[in-house]
Protein chains: 2
Amino acid sequence: MSRLHELLVGLPAPDAASAAAIHERAATILRPSGALAWLDELAAWIGGWHHTARPVVERPVGLIFAADHGVAAAEEVSAYPVEVTAAMLAAYRQGRSTINTFARLAGATVHAFDVGVGRPTGDIRFEAALSPERFDELVGLAVDAVDDIDADLLVLGEMGIGNTTPSAAIAAALAGGETAAWVGRGTGVDDAGLDRKRAAVQQAVRRIAGVTDPIEVLREVGGSELVAIAAAVVAARHRSIPVVLDGYVVTSSVLPLVMVAPDALDHCIVGHCSAEPGHRRLLERLGKRPLLDLDMRLGEGSGAMAAVPLVAMACAGITDVPTFGEWFG
Amino acid sequence: MSRLHELLVGLPAPDAASAAAIHERAATILRPSGALAWLDELAAWIGGWHHTARPVVERPVGLIFAADHGVAAAEEVSAYPVEVTAAMLAAYRQGRSTINTFARLAGATVHAFDVGVGRPTGDIRFEAALSPERFDELVGLAVDAVDDIDADLLVLGEMGIGNTTPSAAIAAALAGGETAAWVGRGTGVDDAGLDRKRAAVQQAVRRIAGVTDPIEVLREVGGSELVAIAAAVVAARHRSIPVVLDGYVVTSSVLPLVMVAPDALDHCIVGHCSAEPGHRRLLERLGKRPLLDLDMRLGEGSGAMAAVPLVAMACAGITDVPTFGEWFG
């Protein structure tokens, strides 16, 4: 049993009393009852995980995990060379990438982690992406990363040239249906690149036809940053930190979790639906509605970060606005 | 000819060169080309109106216009008594309502204007909402309000118990189709209230069957805050300030403008689609896609204010992120 399997045992539940108190307050706040609809639901969701009837989002944090992929080094499945992974990691650390600018406007901090840049995974067409030992090591890195932050809302992002290829392989292996339908253009591969990408995903999925454990699927055809994201989501759960999920790569990374523990993503919302066609289908599979639907396809946590102000507003709409009784009383 | 007709002549155009420069920069910025999709379009749109290739949103301002309605005083078309209009105006001014809390998180200021609280319009079932003189006076108030602010992005909101009734009348009179389909539950009227509301709208629309000038429709079956919003949108255009439109009431208010000057709303985007069923149909009529779609139905500019951080992020994504050339060069 992997370290991720172990982490999925004994997941804490939210505080139902706090959530109920927020729903009750929402119905009496100085606006038409139900006028904020989904935002009131968000506030109750945050309050449940924060164990408070007066939820706030004041310390949002973005964690970006970056790593390289053997399949991208061996085959042109991306519009960009693998060297771009390292360059983007530097940009995150210097606060210069898109996620950093979004985070500044959302009042969030961003931390970027190298979980395998220049240390590509196995080529998933022919071999496991990660050994069991490396898999557990990555889980440990991610747990430590989450344990080190002081956050009331967590955004998870990823960077890894070629990483929509393992994402599609995970989705195809676990969610089923026609494999090719899970493969999109990612950063923008041309038609020939898309054909190579589909072939790579099909080969990877065929290779693991006998694997039934969803976590093993993640180890076999995933990637280092994908494992880190899955582990970070579970680590956040154990600290009762709500999470905003990003696009296709992040969503594929966490799909194995619900197949092991059906409530594993109860502390997660989906920040946005990306233009990568498989993402919408995955969200339907997970039964999660995205807050934003803006055709973005950037990754690095940007779509999730763009949704953070909405979550903060949802909480302020409960915590900072009086009830009719308080206002007129 | 009303003062609003006069304002609709000689509308300024955006700066095409700035917008083009932003599109060009967007294609070379440190992310996959086109990855921000709509957000890049938003940045180019802001840059066009701001006449700059480095757009920013640093001084967003919300203007809320509040007023009372004769039809609401005479007939129960709302779930709330008309006295609530004045109470909400006080809440905006003391910074205690939902829009105020959203504005604080969006870095925006909010100003609330009394354009007819305690001075209800004519009952639109039987008479014109506003005299030509009062109409022009309201246009003047709104122009002054916009001229007094220092804003790089404008959110317009409204408050007026009963004001989805005149909104539905405007929409039905100008956009056509079955009148009842433009009438929703607003703040949450019950079935009997909905019937009364539909009857009131039908009566108002029948009364003005001979009126062809869209601005006259606004004067006949609109309301004071609706006129102020329409005038504020045009005043913002003359100052080249981009505008974020809110829900059904705001959208109905500005519908007459495009029927007089087809490009009158080119400096406007739609912040959100509300749960009021007529709103989505109006947006289709205007050819505008909402940034957010969260089932909100609050008014007061709240849905538009919720979208402000996205516009600021779109600009930062162009202005604060280096190009590949700048990063690697």
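Chain identifiers are assigned alphabetically (A, B, ...) following the order of the sequence lines, protein sequences preceding nucleic acid strands; residue numbering begins at 1 within each chain.
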Can you find a side-chain donor-acceptor pair between [X] and [Y] that sits under 3.5 Å?
| X | Y | answer |
| --- | --- | --- |
| A:Lys197 | A:Thr164 | yes |
| B:Glu225 | B:His69 | yes |
| A:Arg54 | A:Thr319 | no |
| A:His279 | A:Thr251 | yes |

Residue, of [options], that accumulates the most heavy atom pairs under 4.5 Å with chain A:
| options | answer |
| --- | --- |
| B:Asp295, B:Val84, B:Asp40, B:Ile29 | B:Asp295 |
| B:Ala91, B:Ala314, B:Ala79 | B:Ala91 |
| B:Arg104, B:Gln94, B:Arg289 | B:Arg289 |

So which of [options] has the biggest tally of heavy-atom pairs under 4.5 Å with chain B?
| options | answer |
| --- | --- |
| A:Val308, A:Asp320, A:Thr187, A:Leu294 | A:Leu294 |
| A:Gly95, A:Gly317, A:Ser274, A:Ala316 | A:Ala316 |
| A:Leu291, A:Asn100, A:Leu310 | A:Leu310 |
| A:Met296, A:Arg31, A:Arg297 | A:Arg297 |

For [X], is it the side chain, the backbone, both or neither that has a heavy atom under 4.5 Å from a heavy atom of chain B?
| X | value |
| --- | --- |
| A:Glu300 | neither |
| A:Leu39 | side chain |
| A:Ala275 | neither |
| A:Met305 | backbone |

Is any side-chain heavy atom of [X] closer than 4.5 Å to a side-chain heavy atom of [Y]?
| X | Y | value |
| --- | --- | --- |
| B:Val244 | B:Leu154 | no |
| A:Cys273 | A:Arg280 | yes |
| A:Phe328 | A:Leu30 | yes |
| B:Leu292 | A:Trp38 | no |

Checklist entry - For B:Ala307, is it the side chain, the backbone, both, or neither that has a heavy atom closer than 4.5 Å to a heavy atom of chain A? => result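 Neither the backbone nor the side chain of B:Ala307 comes within 4.5 Å of chain A.
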